[in-house]
Visitor: 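My structure is below; once you've seen it, I'll send some questions.
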There are 2 protein chains.
Amino acid sequence: MARYQAGIRTEARIIDATRELLGEVGLEGTTLKAICDRAGVRAGSFYNIFDSKEEAIMRVVAEAIASVDPDPQGAGTDTVGELIKAYARFITGQSTVARIYLQTVVSGGLTDNDLAKRFLRHHERRVARFADAIRRTDPEIGVAEAGEDAELLLAALNGLAFHWMLQPAFDFTGHIRRIIDAHEWLRRRR
Amino acid sequence: MARYQAGIRTEARIIDATRELLGEVGLEGTTLKAICDRAGVRAGSFYNIFDSKEEAIMRVVAEAIASVDPDPQGAGTDTVGELIKAYARFITGQSTVARIYLQTVVSGGLTDNDLAKRFLRHHERRVARFADAIRRTDPEIGVAEAGEDAELLLAALNGLAFHWMLQPAFDFTGHIRRIIDAHEWLRRRR
DNA sequence: CTCGAACTTGAGTGTATGCTCAAATTAGAG
DNA sequence: CTCTAATTTGAGCATACACTCAAGTTCGAG
């Protein structure tokens with residue numbers, strides 16, 4: 001834990017370097033050497049501040065999770081459309097953090113139990129947020145149905161985000177508009 | 001390349017071991033030692049058959065990609081509902097291969113250019129397959145619109161599959177049914 | 001300015017990784 | 001059975017990995 005200004009600056013450089021590397025080369029390429037080279041420090045400095053490389057990585061992962069919802073205070077007032085647009089802004093606006101979110105959190109969870117648990121808790125909060133927004137617009141639909149709608153929305157959003165990450169020429173925002181339209185149409189079914 | 005029966009058996013054991021490990025511990029845990037231990041061979045035997053560890057892994061990845069569509073001969077005749085159900089069967093019925101598909105192919109693509117290209121080609125074929133099925137049922141809709149619908153369907157399917165992989169208690173098939181229903185409803189809009 | 005705490009370096013540790021290679025063993029054809 | 005090709009083993013190579021540690025340097029308070 002850094003106490004002097006110098007240490008605090010070093011800590012920030014290490015976190016920045018870790019974030020960039022996770023976004024560029026994923027978990028596998030984010031070695032201690034790569035982090036230290038990019039941050040301009042030696043391993044001993046790194047371990048003066050962090051107990052392990054994993055600690056630095058989990059800091060960046062936690063940051064990425066926190067970034068998906070840029071407006072936690074909006075809970076209880078926002079609409080589904082606003083939530084969808086906020087997600088789209090996150091994905092297209094902060095591509096490094098978004099890449100870390102998708103790659104490390106989502107798929108890292110397939111092989112890492114801690115990451116899996118962390119992501120599931122986060123996902124549940126996201127589903128609940130969307131379901132609240134759905135029921136606020138349509139109070140007559142049940143909690144379970146709203147939850148299912150929220151799951152489908154989030155699944156589609158995540159799937160589109162993956163495609164966009166792989167192929168930046170993919171028309172992500174166009175498909176986001178279609179999701180909003182489709183959601184509106186399905187509302188009229190009720 | 002194995003020529004005698006003994007070598008052919010060894011090759012199969014290595015591929016089986018690689019597949020299991022990729023499904024259980026992902027790319028990072030699939031070390032040469034782990035593969036050889038599980039296959040019951042030494043490294044020298046491995047390198048008598050494969051040029052590199054990567055060659056064995058790409059064999060298994062190619063197999064996973066080929067497995068997503070269990071019925072390539074159905075192209076031109078199948079319905080969207082059938083394609084969706086086939087995907088669901090793939091995900092729930094072969095969990096090791098499905099896990100490899102999602103984890104290695106889809107998200108591995110975020111950091112590996114070869115995997116990314118490979119997956120994008122595969123994804124385009126999948127989108128085209130779904131779009132064909134959509135237009136077969138609704139010939140009046142345009143190619144572009146059918147392609148967009150197909151993208152959304154596949155995005156949602158992939159997103160749900162990720163959730164199911166992370167949390168087997170998640171009601172994957174229930175959500176698949178809702179996707180089929182939603183798709184039918186959106187057809188009636190036209 | 002001094003002095004102790006914090007930070008940084010450089011050199012190293014122990015272990016794991018993918019891969020090589022020569023000798024030993026097995027397989028398969030005649 | 002012989003003999004050659006194929007396969008396998010065991011021992012090792014070179015390198016990379018996360019991390020340690022003592023000495024040197026910088027920081028910050030008094």
Side-chain angles (χ1 to χ4, degrees), chain A residues 1-22 24-61 100 103-104 108 111-115, chain B residues 1-62 100 103-104 108 111-115:
Chain A
M1 192 61 191
R3 303 170 199 208
Y4 285 13
Q5 298 292 346
I8 288 163
R9 285 194 298 269
T10 297
E11 187 175 326
R13 289 202 329 264
I14 289 170
I15 291 294
D16 288 346
T18 305
R19 184 190 306 114
E20 288 169 18
L21 283 164
L22 277 174
E24 289 168 22
V25 296
L27 262 176
E28 203 172 293
T30 306
T31 61
L32 183 78
K33 183 179 187 301
I35 294 172
C36 292
D37 286 350
R38 183 162 297 208
V41 301
R42 297 292 191 269
S45 290
F46 182 98
Y47 285 102
N48 182 55
I49 293 164
F50 301 96
D51 287 335
S52 63
K53 187 187 79 161
E54 187 176 6
E55 187 189 326
I57 284 176
M58 294 314 289
R59 282 267 298 271
V60 173
V61 168
I100 294 167
Q103 176 192 271
T104 313
T111 54
D112 183 310
N113 275 335
D114 288 341
L115 277 179
Chain B
M1 193 61 190
R3 304 170 198 207
Y4 286 11
Q5 299 292 347
I8 288 162
R9 284 194 297 270
T10 298
E11 186 175 326
R13 288 200 335 263
I14 289 169
I15 292 292
D16 288 345
T18 305
R19 184 189 308 114
E20 287 168 20
L21 284 164
L22 277 174
E24 288 167 26
V25 294
L27 263 176
E28 203 171 296
T30 307
T31 61
L32 183 76
K33 183 178 188 303
I35 293 171
C36 293
D37 286 349
R38 184 163 292 210
V41 301
R42 297 291 191 271
S45 291
F46 181 98
Y47 285 102
N48 182 54
I49 293 164
F50 300 96
D51 287 336
S52 65
K53 189 187 79 160
E54 188 176 5
E55 187 189 328
I57 283 178
M58 293 313 288
R59 283 266 298 272
V60 172
V61 168
I100 293 167
Q103 178 193 270
T104 312
T111 54
D112 184 308
N113 276 334
D114 288 341
L115 277 179

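Numbered from 1 within each chain, the chains take letters A, B, ... in sequence-line order.
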Visitor: First and last nucleotide of DNA chain C in contact with chain A, 5' to 3', at under 4.0 Å to a heavy atom: what are they?
Guide: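 For DNA chain C, the relevant span reads C:dG4 to C:dG10.
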Visitor: Hey, could you give me each pair passing ring pair (Phe, Tyr, Trp, His ring centres under 6.0 Å) that has a residue in residues 8-36 of chain B? Not counting sequence neighbours.
Guide: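 Every candidate ring pair (Phe, Tyr, Trp, His ring centres under 6.0 Å) pair involving residues 8-36 of chain B fails, so no pair, neighbours aside, qualifies.
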Visitor: By a strict heavy-atom criterion of less than 4.0 Å, which residues belonging to residues 3-21 of chain A are in contact with DNA chain C?
Guide: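 Contacting residues: A:R3, A:Y4, A:A6, A:G7, A:T10.
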Visitor: When you match B:R42 and B:A2 each to their closest nucleotide on DNA chain D, which lands nearer the 5' end?
Guide: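 Mapping each residue to its closest nucleotide by heavy atoms, the 5'-most match is B:A2.
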Visitor: With rounding to the nearest 0.5 angstrom, report the CD1 to CD1 distance, B:I14 to B:I49.
Guide: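 Going from CD1 on B:I14 over to CD1 on B:I49, the span is 4.5 Å.
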Visitor: Just to verify, what does B:A34 make a side-chain contact (heavy atoms from CB on, under 4.5 Å) with, not counting sequence neighbours?
Guide: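 Checked B:A34 against side-chain contact (heavy atoms from CB on, under 4.5 Å); matches are B:L21, B:T31.
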Visitor: To the nearest 0.5 Å, what is the distance between CG on B:L22 and OG1 on B:T104?
Guide: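 Answer for the CG-OG1 pair, B:L22 versus B:T104, is 5.0 Å.
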Visitor: Of the non-hydrogen atoms in B:G7 and B:A2, which two are nearest, and what is the gap between them?
Guide: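 Nearest heavy atoms, B:G7 then B:A2: C-CB, 3.2 Å.
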Visitor: Mind checking the CD1-NZ spacing from A:I35 to A:K33? Nearest 0.5 Å is all I need.
Guide: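 The distance works out to 12.0 Å.
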Visitor: Enumerate the residue pairs fulfilling salt bridge (charged side-chain N to carboxylate O under 4.0 Å, His left out) with a member in residues 45-61 of chain B, sequence neighbours excluded, ordered by first and then second residue.
Guide: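 Only B:E11-B:R59 qualify under salt bridge (charged side-chain N to carboxylate O under 4.0 Å, His left out).
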Visitor: Identify, with sequence neighbours excluded, every residue that meets side-chain contact (heavy atoms from CB on, under 4.5 Å) alongside A:S45.
Guide: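 Here the qualifying residues are A:V41.
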Visitor: Can you list every salt bridge (charged side-chain N to carboxylate O under 4.0 Å, His left out) pair that touches residues 38-50 of chain B, not counting sequence neighbours?
Guide: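 Residue pairs with at least one partner in residues 38-50 of chain B: B:E20-B:R38, B:E24-B:R38.
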Visitor: Could you measure the distance from the CD1 atom of B:I57 to the OG1 atom of B:T18? Nearest 0.5 Å is fine.
Guide: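 Result: 6.5 Å between the selected atoms.
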Visitor: On DNA chain D, reading 5' to 3', which nucleotide is the first and which the last to sit with an atom under 4.0 Å from a heavy atom of chain A, could you check?
Guide: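 Contact boundaries, 5' end first: D:dC17 to D:dG28.
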Visitor: Which pairs pass ring pair (Phe, Tyr, Trp, His ring centres under 6.0 Å) with one or both residues in residues 17-49 of chain B, sequence neighbours excluded?
Guide: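 Non-adjacent pairs meeting ring pair (Phe, Tyr, Trp, His ring centres under 6.0 Å): B:F46-B:F50.
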Visitor: I'd like to check the side-chain contact (heavy atoms from CB on, under 4.5 Å) partners of B:R19; sequence neighbours left out, ordered by chain and number.
Guide: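 Counting only residues at least two positions away or on another chain, B:R19 forms a side-chain contact (heavy atoms from CB on, under 4.5 Å) with B:I15, B:D16, B:V60, B:E63, B:T96, B:V97, B:I100.
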Visitor: Near DNA chain D, counting only heavy atoms under 4.0 Å, which residues of residues 43-51 of chain B show up?
Guide: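 Correct list: B:G44, B:S45, B:N48.
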